[in-house]
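These notes are about the structure you will find just below.
This structure is a prediction, so every number in the text was calculated from the model and none was measured. Every chain is numbered from 1, with letters handed out A, B, ... down the list of sequences.
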Protein chains: 2
Amino acid sequence: MANEELDYRKMSILKAVIDDYIETREPVGSRTIAKKYSMGLSSATIRNEMADLEELGYLSQPHTSAGRIPSEKGYRLYVDKLMALEDKLGFEPTPEELEDVKVRMQHEIGEMSDQIRVASELVSRLTEYTSIAISGAADGTQRIKALQVVPVEPGKALAVIVLDDDSVKNAVIQHDKAITPETLMKVSTHCNLLFAGHRVEEISMNMINSVSEATGVARTALMPVIDGIFECIKKAADTEVHTEGAVKFLSHPEFSDVGKAKGILELLNREDLMIDLIKECSTSDGLVIRIGSENKIEGLNECSVVTATYSVNGVKLGTIGVLSPTRMDYPRVVAALEYVRKRLTGAGAIDAPEGMALLSGGDNAQQPTEVK
Amino acid sequence: MANEELDYRKMSILKAVIDDYIETREPVGSRTIAKKYSMGLSSATIRNEMADLEELGYLSQPHTSAGRIPSEKGYRLYVDKLMALEDKLGFEPTPEELEDVKVRMQHEIGEMSDQIRVASELVSRLTEYTSIAISGAADGTQRIKALQVVPVEPGKALAVIVLDDDSVKNAVIQHDKAITPETLMKVSTHCNLLFAGHRVEEISMNMINSVSEATGVARTALMPVIDGIFECIKKAADTEVHTEGAVKFLSHPEFSDVGKAKGILELLNREDLMIDLIKECSTSDGLVIRIGSENKIEGLNECSVVTATYSVNGVKLGTIGVLSPTRMDYPRVVAALEYVRKRLTGAGAIDAPEGMALLSGGDNAQQPTEVK
DNA sequence: GTTAGCACTCTATCACGTCGAGTGCTAACA
DNA sequence: TGTTAGCACTCGACGTGATAGAGTGCTAAC
């Protein structure tokens, strides 16, 4: 499994360079590596190796007299084989914090599954990066738990559905004032019986026949009501986005230029783009890492995305993505996302993290990363 | 009504300076005023007047050889007496745009009254500034239009209420599995009858007696359900905030420093602070302008806030505030907020805007601004 | 194969000089 | 008495050049 091109020493040096660069944000020189990482080699030797690594495309130089910085290829190798995940979270959240998260996850029901929203907040806090959450399956495979039509005032009602990820959608119904609340109730009860337990995608318009027959309400009068219910169901198929900690982008020296910062924040506000970005990675149930230009959104070429998709009891809650400049603390992000997985599923261990460790013996690469 | 301290000429010059500074973002020199605003005076004369205005505290100088910029006192006089509101919107939104806004306002029902949220988006677009909207009365005076308990699955239900500003709140109910959906329905119907039309603040806990008696359900079993309903009603009393166009702050040269920009964006994320900021001004039903340090939030000393509170048919929809650096295009902001008022109420005119105009004859100050 | 030494390159930083905008003051003018 | 032209002065913006420091690649010795 060891990389053909690189021997052990080159890998060690590459890992040291990337670790240091992630930590210091400064191009890394040969002297730094020799001294700080006690390789037992002189800076001159390291210089030679670094020149090789540059030739092979793993490192690059901002300018002649600067140290090296990792290239995308370097980062790719790093996340696939080199990075060490031990203790990268740095701290366990306090018990109170955990309790708070747990309570909030279980207690609220909102537009988006609140579990995934709260989880996203947690990820952002743990990593100090921006996190983006998108809601559940949003592909029509969610099941309807309950449906109800709530009469609001004459001629106006509210369609409410609850999905299996405990998210709630509603839509306004403007109907004929002749329709009484009692009739609405009947329709509501019937639709609930009809739809509950079914997938969103299974609900089809011709069910109106059955509703009309069963309730004895004329089809034309029923139309707006059914329309409202369908609008509501349609909303269930919409993907919701929630961005947390967008401002944290301004902390990165990579975005110390206001124009650039503005650009990225405007991108983050583009819900359609963010959905695309995260969704593209949400097929697999594991972690997906996209480095720099591996992700296709223009303007995000200097950023990396790590996503994790979460399911509980077979219900897809959603996908959380962490977004930051390419110089991302990958191990920490991976650890945070795995930690949240543990929280969400209530089981599963990250106590003995897998993935590499080159320097600790093995060379297994169990972190499922999208291989470009 | 004319200011004691200032004669007509000084006011003209002050107005010209502020107009120009708002437009160009540059300290304004005497030559600029003389040439651009055709005062019929030489730059030397204007220089003398400007020196007076500075002495009186209406203008200040960044440094010796720069032009003048308005002080807070200068802005205050400007918004109270000097600014001209004619045609400040610059353009009427296209018919399609208006239609879009109208449709969205009427059609959606969400956590916050969508009317106020959509209005806030419109304001931000018209002014190119950040706008902050807070929801309705949120003081317990909203009335409940409808209430319903929706059974979700055994032991779980959802309380849904619709308020008079068409906002929807919901809360989860974890109840005894022995309670059947039919019982829930009975409770729901009873509560709806009991609560509908009443103010949120009127609902009191001892109503549980009546519910228990009327439905024949034991009080202990009923407790979680009533709790859920109360939680829901409690949420109705929460103020919701919606911020639109926060990123626009990054366009202002005043925030070209990333650190400063970060500070302000973090402030904008502090919902509690924003609620305080806007709420403080939401007592009056007119416009309130706070300039620089007139608003009490630390870190917003170099910003101004203009707020407008909107009610339709006696129902308070909410308050919209526009936030920008002190160098704000006040006339445009006022025009935009008045325009939105026209849109929301469907009547009322801003076609003949009031307020000053010093240079067009009158000197009335009808814009209700908070006098510090 | 490794390392010490050295010349070289490139950036960041700071001091310096210049330019231009705008002022305040004075003296002349209507 | 109010207005204006003229002028010396101030101060920030900007471009230039010198300097220091970090890091490299190469060569020769170990």
| request: Compare side-chain N and O positions of A:Thr64 against OP1 and OP2 of C:dC10 and report whether any pair is under 4.0 Å apart. | output: yes
| Taking OP1 and OP2 of D:dT24, is either one under 4.0 Å from a side-chain nitrogen or oxygen of A:Arg68? | yes
| query | Which atom names give the shortest non-hydrogen contact between A:Leu59 and A:Pro70, and what distance separates them? | reply | CD2-CA, 3.8 Å
For [N], what is the paired nucleotide under Watson-Crick or G-U wobble rules, both distances under 3.5 Å?
{"N": "D:dG2", "answer": "C:dC29"}
{"N": "D:dC30", "answer": "C:dG1"}
{"N": "D:dG25", "answer": "C:dC6"}

Expressed in angstrom and rounded to an integer, what is the separation of [X] atom [atom1] from [N] atom [atom2]?
{"X": "B:Gln61", "N": "C:dT23", "atom1": "CD", "atom2": "P", "value": "7 Å"}
{"X": "A:Arg31", "N": "D:dG21", "atom1": "CZ", "atom2": "C1'", "value": "12 Å"}
{"X": "B:Ile69", "N": "C:dG22", "atom1": "CD1", "atom2": "P", "value": "14 Å"}
{"X": "B:His63", "N": "D:dC9", "atom1": "NE2", "atom2": "C1'", "value": "14 Å"}
{"X": "B:Glu26", "N": "D:dA13", "atom1": "CD", "atom2": "P", "value": "10 Å"}
{"X": "A:Ile46", "N": "D:dG23", "atom1": "CD1", "atom2": "C1'", "value": "14 Å"}
{"X": "B:Lys10", "N": "D:dG2", "atom1": "NZ", "atom2": "C1'", "value": "12 Å"}
{"X": "A:Asp52", "N": "D:dG25", "atom1": "CG", "atom2": "P", "value": "10 Å"}

| task | Give the ring-plane orientation class for B:Tyr75 versus B:Tyr330, where under 30° counts as parallel, over 60° as perpendicular and anything between as tilted. | result | tilted
| request: Scan side-chain atoms only and decide if B:Asp19 and B:Tyr37 contain a donor-acceptor pair under the 3.5 Å cut-off. | output: no
| A:Ser293 versus A:Glu72, side-chain donor and acceptor atoms under 3.5 Å | yes
| said: Applying the side-chain contact (heavy atoms from CB on, under 4.5 Å) criterion to B:Leu287, which one of B:Val333, B:Leu337, B:Val79, B:Thr307 satisfies it? | reply: B:Leu337
Each nucleotide N or O in nucleotides 4-6 of chain D that has a protein N or O under 3.5 Å away: list the pair and distance.
unit_1	atom_1	unit_2	atom_2	d
D:dT4	OP2	B:Ser42	N	3.1
D:dT4	OP2	B:Ser42	OG	3.4
D:dT4	OP2	B:Thr45	OG1	2.6
D:dG6	O6	B:Arg47	NH2	3.2

| task | Without swapping roles, check the side chain of A:Thr326 against the backbone of A:Glu302 for a donor-acceptor pair under 3.5 Å. | result | yes
| task | Examine distances only and state if a side-chain atom of B:Ser124 and a backbone atom of B:Tyr129 form a donor-acceptor pair shorter than 3.5 Å. | result | yes
| query | So which one's nearest nucleotide on DNA chain D is more toward 5', B:Pro62 or B:Arg9? | reply | B:Arg9
